[in-house]
Number of protein chains: 2
Amino acid sequence: MNEHDAIIALGALAQESRLQVYRRLMQAGPSGISAGDLAEQVGVSRSSLSFHVAQLERSGLVRARRQHRNVFYSVEIDAMRRLLTFLTQDCCNGNPDICGGLTANAAFCGAIPETEQ
Amino acid sequence: MNEHDAIIALGALAQESRLQVYRRLMQAGPSGISAGDLAEQVGVSRSSLSFHVAQLERSGLVRARRQHRNVFYSVEIDAMRRLLTFLTQDCCNGNPDICGGLTANAAFCGAIPETEQ
DNA sequence: TTCTCATTTCAATGATATTTGAATTATTGA
DNA sequence: TCAATAATTCAAATATCATTGAAATGAGAA
């Protein structure tokens, strides 16, 4: 994961219809949801759904597979894991003494000073 | 964290200058970086930096505090934690038997079927 | 092949975001 | 108070993104 890919992925999620699509796919799990069902559930036109889901697919957060006449979309969970790691890496300059890491849900590096300097 | 707040936060991160600002602040830790230093490090004008960092602050991902003539910015680590939780919640419909959760870095709910249905 | 269904692509339009430089506000030192 | 420094706000210009409806593609059934 690099800065460019992270911006593509974050931008893919930073829009109402796409975030709804992503969360529904996250809940649906590996079996996924068809394009038509997604359009209906999210309440956008089929062409608009295609536009949005294509962006999610380009970002790598979502994959497509054709099943007869339908295209089923499902989440690529490792892509999300890589994004989360990228966003939080080198926290506090990677100093493990003051920062146990965010993804591990450890405490942040002490309180933010209110009146220093 | 709700859908609207998540879109604001994701949108705040989904831009080159803002993502660079955020990652530098994440590395800097609690002491933060002044607006002027951020503008220089990221290579944008002061007015452009103000515009971007204001969006990060509105999203809650970053906080500002004035120190004499400077304004220091630093990350709000709990806001990021809440965002990560929101993005991955209800994975596989919350079924712990097939999905150990993403934030805990557990395995995803089995392989995505290639040719089912 | 021909018809239908599911989906995607395209061009045009409208809506949002970003950058720029000048003007403004806030803080401090002379 | 006046000048200097740091940061923000504003309006205008440019650039990027989202929606629409029509046309095109792809897969399967008649």
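In what follows, every chain begins at residue 1, and chains take the letters A, B, ... in the order their sequences are listed.
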statement: OG of S34(A) to CZ of R69(A), rounded to nearest 0.5 Å, is 13.0 Å

field: Residue pair L25(B) / L38(B), side-chain heavy-atom distance below 4.5 Å
entry: yes

field: Any residue of residues 40-51 of chain B with a heavy atom less than 4.0 Å from an atom of DNA chain C
entry: S47(B), S48(B), F51(B)

message: If you take any heavy atom closer than 4.0 Å to DNA chain D, which residues from residues 8-16 of chain B end up in contact?
response: none

task: Output, in order, the C-alpha distance, side-chain angles, deciding distance and verdict of side chain to side chain contact (heavy atoms under 4.5 Å, CB included) for F72(B) and I33(B).
output: CA-CA 5 Å; F72(B) 280 81; I33(B) 304 176; 5.6 Å; no

message: With rounding to the nearest 0.5 angstrom, report the CD to CG distance, E3(A) to L10(A).
response: 10.5 Å

message: How close do Y22(B) and L87(A) get, counting heavy atoms only, and between which atoms?
response: CE2-O, 4.0 Å

field: Check against side chain to side chain contact (heavy atoms under 4.5 Å, CB included), M80(B) and L13(B)
entry: CA-CA 11 Å; M80(B) 175 57 78; L13(B) 294 169; 3.9 Å; yes

query: Quick one: H52(B) NE2 to dA7(D) P, roughly how many Å, whole number?
result: 16 Å

- request: Determine the contact category for E57(A): base if any of its heavy atoms lies under 4.0 Å from a base atom, sugar-phosphate if only primed atoms, P, OP1 or OP2 are that close, otherwise nothing.
  value: nothing

Please report, to 0.1 Å, the donor-acceptor pairs under 3.5 Å made by any side chain of residues 53-60 of chain B, with sequence neighbours excluded.
from, atom 1, to, atom 2, distance (Å)
Q55(B), OE1, R18(B), NH1, 3.1
S59(B), OG, L56(B), O, 2.6
S59(B), OG, L61(B), N, 3.2

Sequence-distant partners of R24(A), side chain to side chain donor-acceptor pair (under 3.5 Å), two or more places apart: Q41(A)

- request: Could you check how far CG of N70(B) sits from P of dA4(D), rounded to whole Å?
  value: 19 Å

field: Heavy-atom pair of closest approach, residues S74(A) and P30(A)
entry: CB-O, 3.7 Å

field: With sequence neighbours excluded, residues passing side-chain contact (heavy atoms from CB on, under 4.5 Å) with V44(B)
entry: S17(B), V42(B), S48(B), L49(B)

statement: Footprint ends on DNA chain C, 5' to 3', for atoms under 4.0 angstrom from a heavy atom of chain A, come out as dT4(C) to dT9(C)

Please tabulate the protein-to-nucleotide N/O contacts below 3.5 Å involving nucleotides 26-29 of chain D, giving atom names and distances.
none

field: Pair I7(A)-E16(B), side chain to side chain contact (heavy atoms under 4.5 Å, CB included): steps then yes or no
entry: CA-CA 7 Å; I7(A) 290 167; E16(B) 193 176 347; 4.0 Å; yes

message: For E40(B), is the CD atom crowded, meaning more than 12 foreign heavy atoms sit under 6.0 Å from it?
response: no

query: Which residues satisfy the side-chain contact (heavy atoms from CB on, under 4.5 Å) test with A6(B), sequence neighbours excluded?
result: L19(A), M1(B), L83(B), F86(B)

